[in-house]
> 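I have a structure here, written as structure tokens, and I will follow up with some questions on it.
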Amino acid sequence: MSYTIEKREKGYLLFSITRIEKRNAINYEVMKGLREAVKRASEPDIKALVITGEGSQAFCSGGDLSVFHLLHTKEEAYPMLSMMANILYSLLTLPIPTIALINGTVVGGGCELAAACDFRLARKGIKAGFVQGKQAITTGWGGGSILAEKLPAASAMKLLMEAELQTAEELKNVGFFNVLFENDPLEVCETFIEKMVTTDISVLSSYKRVWTRKWEETKLRERIEEEVKNCSLLWESDAHHEYVNSFMRKSGGTPQK
């Protein structure tokens with residue numbers, strides 16, 4: 001199994017990607033698990049959803065190129081991109097607090113997953129980045145559109161357009177990371193959400209609705225769909241295929257989207 005879902009005593013659901021050997025890259029099974037976690041997080045006794053990656057090396061290294069390199073045309077890439085975008089929108093609009101517990105490096109699609117969460121807690125010393133631009137594509141799971149909702153325009157544009165790895169400290173300074181930690185990740189996370197999970201769930205969902213209503217009114221879902229379509233067009237470009245082929249030769253299939 002590529003993931004685990006665990007209901008914790010303190011009233012939250014913990015989703016973990018368990019693909020250490022692949023730097024917790026996302027494949028179709030992880031997508032299925034995320035969909036299941038979002039569904040289970042809608043149960044009335046769950047007050048928060050925490051997403052993390054197993055181990056300490058990587059939170060999530062994006063899409064698994066050892067799987068997705070088989071997608072060549074826009075027609076082949078679009079269903080995968082759209083599927084994950086739908087999952088991230090469901091995560092974004094989940095009516096309870098969501099937390100990305102970032103225990104290690106996070107790049108590409110992993111940053112899109114983190115962006116879809118309400119809060120991002122990151123280990124000091126890690127690096128992270130929306131590196132898709134180096135691969136001749138854009139964010140394709142809705143992460144660019146979501147980031148535009150979470151950060152000031154100039155900060156979001158710089159992260160996306162430079163496509164570079166940033167330090168945890170730099171990302172906290174621009175507001176992408178909310179907390180940096182050094183101690184046990186779960187203990188830090190439980191301290192962070194402690195007061196939230198004691199609040200009545202109807203209050204939590206009512207406050208979350210403030211943001212989901214805004215996103216509905218500004219047609220975020222439609223904007224994400226445009227992002228998916230644009231990425232699928234770039235996916236079939238010669239420049240992207242050259243990057244993928246080169247990366248696969250150098251890494252022997254190590255995933256990173």
Side-chain angles (χ1 to χ4, degrees), residues 3 5-16 31-52 59-60 82-102 111-122 139 141-153 155-156 171-172 174-181 185-228:
Y3 63 89
I5 303 175
E6 179 186 359
K7 181 181 176 182
R8 304 286 290 190
E9 289 182 5
K10 294 186 181 294
Y12 68 92
L13 202 66
L14 177 65
F15 177 87
S16 302
M31 289 185 186
K32 176 184 175 184
L34 283 166
R35 190 184 293 114
E36 181 184 348
V38 169
K39 182 178 179 180
R40 287 184 58 182
S42 300
E43 295 172 1
D45 58 340
I46 301 297
K47 290 191 172 181
L49 172 61
V50 177
I51 295 176
T52 193
F59 166 75
C60 176
S82 181
M83 182 190 306
M84 190 62 184
N86 287 334
I87 292 168
L88 291 192
Y89 188 77
S90 296
L91 173 63
L92 179 73
T93 56
L94 194 66
I96 56 173
T98 56
I99 299 92
L101 184 55
I102 301 169
C111 284
E112 297 189 63
L113 174 60
C117 294
D118 299 320
F119 306 100
R120 286 157 294 281
L121 284 54
T139 51
W141 293 342
S145 300
I146 293 170
L147 190 69
E149 296 294 321
K150 302 292 181 82
L151 295 184
S155 297
L171 289 169
K172 185 169 187 302
V174 299
F176 186 63
F177 289 160
N178 304 106
V179 171
L180 300 184
F181 63 84
L186 274 182
E187 289 182 6
V188 170
C189 183
E190 290 184 352
T191 298
F192 182 81
I193 65 173
E194 183 177 11
K195 294 179 181 178
M196 293 184 199
V197 296
T198 62
T199 302
D200 189 271
I201 195 165
S202 62
V203 174
L204 297 176
S205 61
S206 293
Y207 276 131
K208 190 68 179 282
R209 182 67 183 151
V210 171
W211 280 269
T212 57
R213 189 183 300 115
K214 172 196 171 189
W215 295 327
E216 289 167 359
E217 291 175 353
T218 59
K219 300 186 182 302
L220 176 58
R221 188 67 193 87
E222 289 86 342
R223 287 185 277 141
I224 288 174
E225 175 61 18
E226 285 299 311
E227 182 179 333
V228 171

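Position 1 is the first residue of the sequence, and the numbers go up from there.
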> Set out, in order, the CA-CA distance, both residues' side-chain angles and the distance that settles side chain to side chain contact (heavy atoms under 4.5 Å, CB included) for Phe59 and Ile51, then state yes or no.
CA-CA 9 Å; Phe59 166 75; Ile51 295 176; 4.2 Å; yes
> Quick one: ring pair (Phe, Tyr, Trp, His ring centres under 6.0 Å) partners of Phe192, sequence neighbours excluded?
Phe119
> Tell me yes or no: between the side chains of Glu227 and Ser145, is some donor less than 3.5 Å from an acceptor?
yes
> CG/Leu94 to NZ/Lys39 distance, rounded to the nearest 0.5 angstrom?
13.5 Å
> So Leu220 and Thr93, do their side chains get closer than 4.5 Å, heavy atoms only?
no
> Could you tell me the separation between the SG atom of Cys117 and the CG atom of Leu101, rounded to the nearest 0.5 Å?
10.0 Å
> Do the side chains of Leu13 and Phe15 get nearer than 4.5 Å, heavy atoms only?
no
> Could you list the residues that satisfy side-chain hydrogen bond (donor to acceptor under 3.5 Å, both in side chains) with Thr212, not counting sequence neighbours?
Arg209
> My understanding is that only residues two or more places apart in sequence, or in another chain, count here; which of them pass salt bridge (Lys or Arg N to Asp or Glu O under 4.0 Å) with Lys208?
Asp118
> Output the distance between atom CD1 (Ile224) and atom CD1 (Ile146), rounded to the nearest 0.5 Å.
4.5 Å
> Among residues at least two apart in sequence or on other chains, which ones pass salt bridge (Lys or Arg N to Asp or Glu O under 4.0 Å) with Lys214?
Glu149
> Starting at CE of Met31, measure out to CG of Leu34 and round the result to the nearest 0.5 Å.
9.0 Å
> Does Lys7 have any salt bridge (Lys or Arg N to Asp or Glu O under 4.0 Å) partners at least two apart in sequence or in another chain, and if so, which?
Asp45
> How many angstroms lie between atom CD of Glu225 and atom CG of Asn86, to the nearest 0.5 angstrom?
8.0 Å
> To the nearest 0.5 Å, tell me how far Leu121 CG sits from Leu186 CG.
11.0 Å
> Heavy atoms, side chains only, cut-off 4.5 Å: are Arg120 and Ile102 in contact?
yes
> Under a 3.5 Å distance rule, please check whether Lys47 uses its side chain to pair with a backbone N or O of Thr199 as donor and acceptor.
yes
> Using the test side-chain hydrogen bond (donor to acceptor under 3.5 Å, both in side chains), find all partners of Tyr12 that sit at least two apart in sequence or belong to another chain.
Arg8, Glu190
> With a 4.5 Å cut-off on side-chain heavy atoms, are Ile99 and Cys189 touching?
yes
